[in-house]
Amino acid sequence: MAYYRSVGSIPPKRHTQHRAADGSLYYEELMGEEGFSSDSSLLYHRAIPSAMVDSRVWRVDDGKPEANHPLKPFHFKLHELFPGASWRQADPVRDRRVVLSNADVRIAYVAAGLPSPLYRNGIGDECVYVESGTGVVETVFGTIEVGQGDYVVIPRATTHRWLPTGDAPLRLYAIEANSHITPAKRYLSKFGQLLEHAPFCERDLRGPVGPLLVETETDHDGEGGGDVEVYVKHRVGGSVGGTVMVMPTHPFDVVGWDGCLYPYAFNIADYEPITGRIHQPPPAHQVFEGNNFVICNFVPRKVDYHPLSIPVPYYHANVDSDEVMFYCGGNYEARKGSGIGQGSVSLHPGGHTHGPQPGAYERSIGAEFFDELAVMVDTFRPLELAEGARATDDGRYAWSWSGRGPAESGGTSGEEQR
């Protein structure tokens, strides 16, 4: 995050004594990025934040990713991952189903009704999009209420937990980076302020309310004393691993903090789309970026007003990236007739030319407004298909532009051809 906030009780000078009313010292924690050479915050705890009494393995499911080979585009129906009322027994962290991944990012999906455990991702930042439902994200910095259309950006190693609220599932599209996630750098001044041409500004960002305090001698639910478990995702060799750290006191014991590093929410409805006389390229829709990937969103908007414009995208080849589109509202014009709907994900890999479905190109002529909502992730390394993708592949999307597949062509699918 780029702008300064101060919440709760802090001393006048950093790295100096800060005492409670009874004279006891609070414990200062510096949480900082890039070897303390980038954004940071100072948090003041009532108990020593390093204290732990046990640790054990948490087996994190990586989804067993497989290469997209032979190369083809896909359509995944993510709502099939949590059929019926199964979401009632799922939590927003441990029950995520990995859909796509590479060395830079993991994309996962969950529909949840149970609270998550306390959790921190020690590998990278997370950008979690709320497709539907409501919830509360409790963090060591305070609380953020979230609902449909919210992006929730959670910095690496932030201890937090998700609490679904209401009677509907909390549906989350989780983008887990192996790096930090920031607003697109071309929208930022050299000092980190969002510039005038940016499609959103600091007023649109909601920081945590708090700080969130609990009694250090009780667990978070107030059901007596006891140790507190924190699920930690971290690197194990070259792969993703997990540990359950057991702490003698609750980490949500912060009396105050200040700095430029903290979780925040941004609602997609506050994104002001960039439009023009002719079709705007995908970078015009960018909102965030991480190492080797970008996040864009396509929102309801007026479309091209050149008298000869074709408002849907031209056919295009992602020569340097894989394109992942999560359809989360409205009616996406370019994909009409493909079976794509709410909760769908399309994967258009580098090396494949893609674009509107047959007929969409022509139908869009004369359109003045698109009512569509989608979150796009473009990666600059190939994505592999994880368990969540293999379980929800519609089996037909790759052939949707031609109208026939290998069975009708007398060819083979997946066998080596010379």
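Basis for what follows: all heavy atoms, side chains included, without hydrogens, waters or symmetry-related copies.
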Measuring from atom [atom1] of [X] to atom [atom2] of [Y], what distance do you get when rounded to the nearest 0.5 angstrom?
| X | Y | atom1 | atom2 | value |
| --- | --- | --- | --- | --- |
| Phe326 | Leu78 | CZ | CG | 6.0 Å |
| Asp95 | Leu172 | CG | CG | 11.5 Å |
| Ile310 | Tyr361 | CD1 | OH | 3.5 Å |
| Thr392 | Leu81 | OG1 | CG | 5.0 Å |

How about [X] and [Y]: do any of their side-chain heavy atoms sit closer than 4.5 Å?
| X | Y | result |
| --- | --- | --- |
| Val299 | Leu373 | yes |
| Met325 | Phe298 | yes |
| Pro406 | Trp399 | yes |

Working note: Glu323 + His354, criterion side-chain hydrogen bond (donor to acceptor under 3.5 Å, both in side chains); need CA distance, chi angles, decisive distance, verdict. CA-CA 10 Å; Glu323 177 195 281; His354 68 279; 3.3 Å; yes
Hey, mind stepping through Arg161 and Glu138 against salt bridge (charged side-chain N to carboxylate O under 4.0 Å, His left out) and telling me if it holds? CA-CA 5 Å; Arg161 76 170 188 166; Glu138 293 181 342; 3.3 Å; yes
Closer than 3.5 angstrom, by distance alone: can the side chain of [X] be matched with the main-chain N or O of [Y] as a donor-acceptor pair?
| X | Y | value |
| --- | --- | --- |
| Arg156 | Ile123 | yes |
| Asn102 | Asp104 | yes |
| Asn267 | Gln148 | yes |
| His18 | Ser9 | yes |
| Asp393 | Arg390 | no |
| Gln342 | Cys328 | yes |

May I ask you to check whether His45 and Tyr27 place their ring centres under 6.0 Å from each other? no
For the residue pair [Y] / [X], report whether a side-chain donor-acceptor contact shorter than 3.5 Å exists.
| X | Y | value |
| --- | --- | --- |
| His285 | Gln280 | no |
| Glu131 | His79 | yes |
| Asn297 | Tyr129 | no |

Identified side chain to side chain contact (heavy atoms under 4.5 Å, CB included) counterpart of Met247 within the set Leu118, Thr159, Ile48, Val230: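 It is Val230, the one option of Leu118, Thr159, Ile48, Val230 that forms the side chain to side chain contact (heavy atoms under 4.5 Å, CB included) with Met247.
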More than 12 heavy atoms of other residues, nucleotides or ligands under 6.0 Å from [atom1] of [X]: is that the case?
| X | atom1 | value |
| --- | --- | --- |
| Glu362 | CD | yes |
| Arg14 | CZ | no |
| His69 | NE2 | no |

Verify salt bridge (charged side-chain N to carboxylate O under 4.0 Å, His left out) between Arg97 and Glu80, making sure each step is shown before the conclusion. CA-CA 11 Å; Arg97 304 274 293 273; Glu80 294 180 358; over 6 Å; no
Can you say whether the rings of Tyr264 and Tyr262 are parallel (under 30°), tilted (30 to 60°) or perpendicular (over 60°)? perpendicular
Which word best sums up how the rings of Phe76 and Phe74 line up, parallel for under 30°, tilted for 30 to 60°, or perpendicular for over 60°?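 Rings of Phe76 and Phe74: parallel, under 30°.
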Applying the salt bridge (Lys or Arg N to Asp or Glu O under 4.0 Å) criterion to Glu126, which one of Arg120, Arg96, Arg106 satisfies it? Arg96
Keeping to residues at least two apart or across chains, list the ring pair (Phe, Tyr, Trp, His ring centres under 6.0 Å) pairs with something in residues 86-115.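 Listed by first then second residue: nothing to list.
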